[in-house]
Amino acid sequence: MSLNIAIDGPVGAGKSSIASLVAQELHILHLDTGAMYRAVGLYMLRRGVDPQNEAAVSAALPGCHVDVRYVDGSQRTLLCGEDVSGLIRTPEVSQAASAISQWPAVRGEMAGMQRRIAAGCDLIMDGRDIGTNVLPDAALKVFLTADPRERARRRYEELRQKGLPDTLEEVLAALVARDEQDMRREANPLRQAEDAVLLDTTHMTIREAVDAIVRLAREV
Ligand code: DC
C-alpha cells in the first residue's frame, strides 16, 4: 500500500509550493492536479472551444491528451506530447481551467489518471477534490487555506515577477470568482473533507506550513 497525502484548498493558499517542498523532504512524488486541468483548459482555448459550454468541451475531450512526466523530480505537464508547463500559468488559462473543471466528463478522466498515478507510488497530491474524491483513503488530508486578501497578494506577487500587468484588485476579483466557481459546481466541488486537518497559512511562512505537514505525515 502506498503512502498518499491529500492537500486541498482554494486559489493561492500555497498548496503547490508547500506540497512540492513536503515531497522533497519526505522523498515522495508531488502531483499538482491543477496543472492537469490547466492543460485541458489550454487545449480548449487553443481549439476555440468555449470552456463554459459542457457539450462542446465534452465533444473536444477525446482529442485532448494530458500526461505527466517527472524530470529531476519535478513535474512536467504534457498536452498531446508538448510540454506546456510554462504556458499554463496565465490568468486566462486559470479561468478556463476552473470552467472546464465543472464538467463531469473532464473530472472523470482526470481523477482516473490521478488514481492510477497514486496507486503506483508514495505521493502528495494537491487540488480541490483530492481528499473528498480522488483519494478518500489518503493517510493524511490537509485543507490549506488563508485569508482571501493574503492569497490575492501572493498571487499578485507571482504574476508581477512574471511581468504580467494585473493589479491587486483584479487578481483579488479573479480569485474570488474562481473560488466561487470551484465551490459551487455540482461535480466534486472544493470542500474540506471531514477527516482533513485545517491549516490556515495567513500568518505562516511556507517553511512553517511545510514543517507542520511533515510533522503530521510522520505521525501517520
Ligand atoms: O490549483 P490550480 O489553481 O492550478 O487549479 C486550476 C483549476 O483547476 C481550479 O480553479 C479548479 C480546477 N481543479 C479542480 O477542479 N480539481 C482539482 N483537483 C485541481 C484543480
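Because the structure is a prediction, the values reported are computed rather than measured. In listed order, ligands and their atoms are each counted from 1. This chain uses plain numbering: 1 for the first residue, then up along the sequence.
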Short side-chain to backbone donor-acceptor contact, Ser2 and Ala118, under 3.5 Å: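 Between the backbone of Ala118 and the side chain of Ser2 there is a qualifying donor-acceptor contact (under 3.5 Å).
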Side-chain (Asp8) to main-chain (Gly131) donor-acceptor, under 3.5 angstrom: yes
Salt-bridge present (Arg154, Glu157; N to O < 4.0 Å):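 Judged by the 4.0 Å cut-off on N to carboxylate O distance, Arg154 and Glu157 do not form a salt bridge.
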Where at least one partner belongs to residues 193-207, residue pairs that pass salt bridge (charged side-chain N to carboxylate O under 4.0 Å, His left out), sequence neighbours excluded: Glu25-Arg207, Lys141-Asp195, Arg207-Asp211
Any donor-acceptor N or O pair under 3.5 Å, side chains Arg185, Ser101: yes
Residue pair Asp122 / His27, side-chain donor-acceptor N/O under 3.5 Å: no
Quick check on ligand 1: any N or O pairs to the protein under 3.5 Å? One line per pair.
| unit_1 | atom_1 | unit_2 | atom_2 | d |
| --- | --- | --- | --- | --- |
| ligand 1 | 1 (O) | Arg128 | NH1 | 2.9 |
| ligand 1 | 3 (O) | Arg38 | NH2 | 3.2 |
| ligand 1 | 3 (O) | Arg128 | NH2 | 3.2 |
| ligand 1 | 3 (O) | Arg178 | NH1 | 3.0 |
| ligand 1 | 4 (O) | Arg38 | NE | 2.6 |
| ligand 1 | 4 (O) | Arg38 | NH2 | 3.3 |
| ligand 1 | 10 (O) | Arg178 | NH1 | 2.8 |
| ligand 1 | 10 (O) | Asp182 | OD1 | 3.4 |
| ligand 1 | 10 (O) | Asp182 | OD2 | 2.7 |
| ligand 1 | 15 (O) | Ser101 | OG | 3.3 |
| ligand 1 | 15 (O) | Arg107 | NH1 | 2.8 |
| ligand 1 | 15 (O) | Arg107 | NH2 | 3.4 |
| ligand 1 | 15 (O) | Arg185 | NH1 | 2.8 |
| ligand 1 | 15 (O) | Arg185 | NH2 | 3.1 |
| ligand 1 | 16 (N) | Arg107 | NH2 | 3.1 |
| ligand 1 | 18 (N) | Thr33 | OG1 | 3.0 |
| ligand 1 | 18 (N) | Arg128 | N | 3.1 |
| ligand 1 | 18 (N) | Asp129 | OD1 | 2.9 |

